[in-house]
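The structure that follows is given in the form of C-alpha cells.
The figures here come from the full heavy-atom set of this structure, side chains too, leaving out hydrogens, waters and symmetry mates. First listed ligand is number 1; within each ligand, the first listed atom is number 1.
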Amino acid sequence: MADAVAVWAVVVAAGSGERLGADHPKAFVRFGDNPLIAASVAALDDHPAIEGIVLVVPAGWEERATFMVDDIGAGKASIAIPGGATRSDSVAAGVAEVPADAAIILVHDAARPLIPADLIDRVLGGFADGADGVIPALPIDDTVKRVDAAGRVVDTLDRSELRTVQTPQAFLADVLRRAVAAPDRGTGTDCASLVERAGGTVATVLGDPRAMKITTRADLERAEELHRAD
Ligand code: C5P
C-alpha cells in the first residue's frame with residue numbers, strides 16, 4: 001500500500017533532553033560528526049518511499065536545523081518549524097505542515113538516531129490488515145511489576161502481553177490529523193496513544209533494538225558504537 005501513496009515524515013526534535021545534561025537541546029548534541037537529529041533525518045531522506053520531511057525543533061533552532069539539512073544534503077527535509085510545550089503539541093505543529101495530498105504520515109523521535117531501512121519497510125508494510133496506524137514493538141525480556149508509591153510490589157504483569165514501542169510510527173494521514181486536532185488529545189508519550197484515544201486501530205510490527213532512544217550519556221555512547229558498527 002505505502003509504495004503507491006504519498007508518505008511524509010515528521011521528525012519531532014523540540015524536547016529539551018534535560019537528563020542528558022548537555023547545554024543545548026538533545027536533538028543538537030554531537031553524534032559522530034553531526035548533531036543527533038542528522039542521523040535519523042539522513043535515514044528518512046534515503047528511504048525511497050518518503051517524499052518529504054518536516055522537522056519540528058526547539059524555537060530559535062530552525063536556522064541551525066536548516067544548516068544541518070544543507071550540510072548532510074537531505075533534500076527532502078525542506079521545512080523546519082518550532083515545536084510546542086508537549087510532544088503532542090510538537091506533533092500537531094509538524095502534521096499541520098504536511099501537504100494535504102500525503103496519505104501516510106510517519107512520525108519519528110529525533111531522540112532515536114538509528115532507523116534501519118528495513119524497520120521503515122516493516123512499518124509501512126504493516127497497513128495490509130486495514131489498520132489506522134502501525135508501530136514498531138519489542139517483546140519484554142524482564143519480569144515487569146506494578147508498584148505503589150512506596151515501591152512495594154502490587155502486581156506482577158503478564159509480560160507475554162506487553163511490548164515496548166518505538167518510532168517511526170506510521171498513520172493514515174487523515175486519522176492522525178483528526179487525533180492531533182482533538183481538543184482533549186492529552187499529553188501521550190507517543191502518537192499511537194493519541195490515535196488509540198480517538199478510537200483508531202493500531203497494529204504492531206517487530207521493532208529493532210538499534211532504534212533505541214537516547215535519554216542518558218550512556219545511551220548516546222551505546223548508539224554511537226552501533227552507528228560506527230553499521
Ligand atoms: O522527552 P522524550 O525523549 O520522551 O521526547 C521524545 C521526542 O519528542 C524527542 O525527540 C523530543 O525532542 C520530542 N519532543 C518534542 N517536543 C516536546 C517534547 C518532546 O518534539 N515538547
Side-chain angles (χ1 to χ4, degrees), residues 8-32 34-45 53-66 68-69 74 77 79-98 105-115 119-120 123 133 135-138 163-171 176-177 179-182 185-196 207-224 227:
W8 270 66
V10 172
V11 177
V12 285
S16 61
E18 274 160 22
R19 283 167 292 181
L20 206 53
D23 54 7
H24 42 258
K26 175 158 63 178
F28 290 88
V29 299
R30 203 111 210 113
F31 181 74
N34 290 303
L36 184 68
I37 186 175
S40 55
V41 170
L44 293 166
D45 193 75
I53 305 169
V54 176
L55 306 184
V56 186
V57 298
W61 288 77
E62 300 89 328
E63 205 179 336
R64 294 278 275 276
T66 307
M68 176 280 296
V69 163
I79 304 169
I81 55 155
T86 67
R87 184 184 187 281
S88 302
D89 293 340
S90 296
V91 172
V95 164
E97 297 295 322
V98 171
I105 301 176
L106 204 66
V107 182
H108 183 69
D109 288 340
R112 300 179 187 273
L114 308 178
I115 325 177
L119 179 61
I120 301 175
V123 170
I135 65 175
L138 288 171
R163 302 286 182 273
T164 58
V165 309
Q166 305 176 309
T167 70
Q169 301 187 345
F171 302 93
L176 184 61
R177 286 183 198 283
V180 298
R185 67 177 174 234
T187 53
T189 51
D190 76 346
C191 290
S193 57
L194 307 182
V195 169
E196 291 155 35
D208 189 313
R210 287 171 292 178
M212 62 182 281
K213 185 161 135 193
I214 309 291
T215 304
T216 63
R217 271 277 143 201
D219 298 334
L220 192 63
E221 283 160 20
R222 169 92 189 110
E224 280 182 318
H227 194 38

Inset, instruction - At a heavy-atom distance under 4.0 Å, which protein residues reach ligand 1? Sort them by chain and number, would you? - result: Val12, Ala13, Ala14, Gly15, Lys26, Gly84, Ala85, Thr86, Arg87, Ser90, Asp109, Ala110, Ala111, Lys213
Inset, instruction - Sequence neighbours left out, what passes salt bridge (charged side-chain N to carboxylate O under 4.0 Å, His left out) with Asp45? Give chain and number order. - result: none
Legend entry - All salt bridge (charged side-chain N to carboxylate O under 4.0 Å, His left out) counterparts of Arg87, not counting sequence neighbours: Asp109
Inset, instruction - Flag yes if more than 12 heavy atoms outside Arg19 fall under 6.0 Å of its CZ atom; otherwise flag no. - result: no
Inset, instruction - Answer yes or no: is there a donor N or O on one side and an acceptor on the other, between the side chain of Arg210 and the main chain of Ile115, under 3.5 Å? - result: no
Legend entry - Side-chain H-bond candidate by donor/acceptor type, Gln169 with Asp190, under 3.5 Å: yes
Inset, instruction - Could I get the full list of side chain to side chain donor-acceptor pair (under 3.5 Å) partners for Ser90, not counting sequence neighbours? - result: none
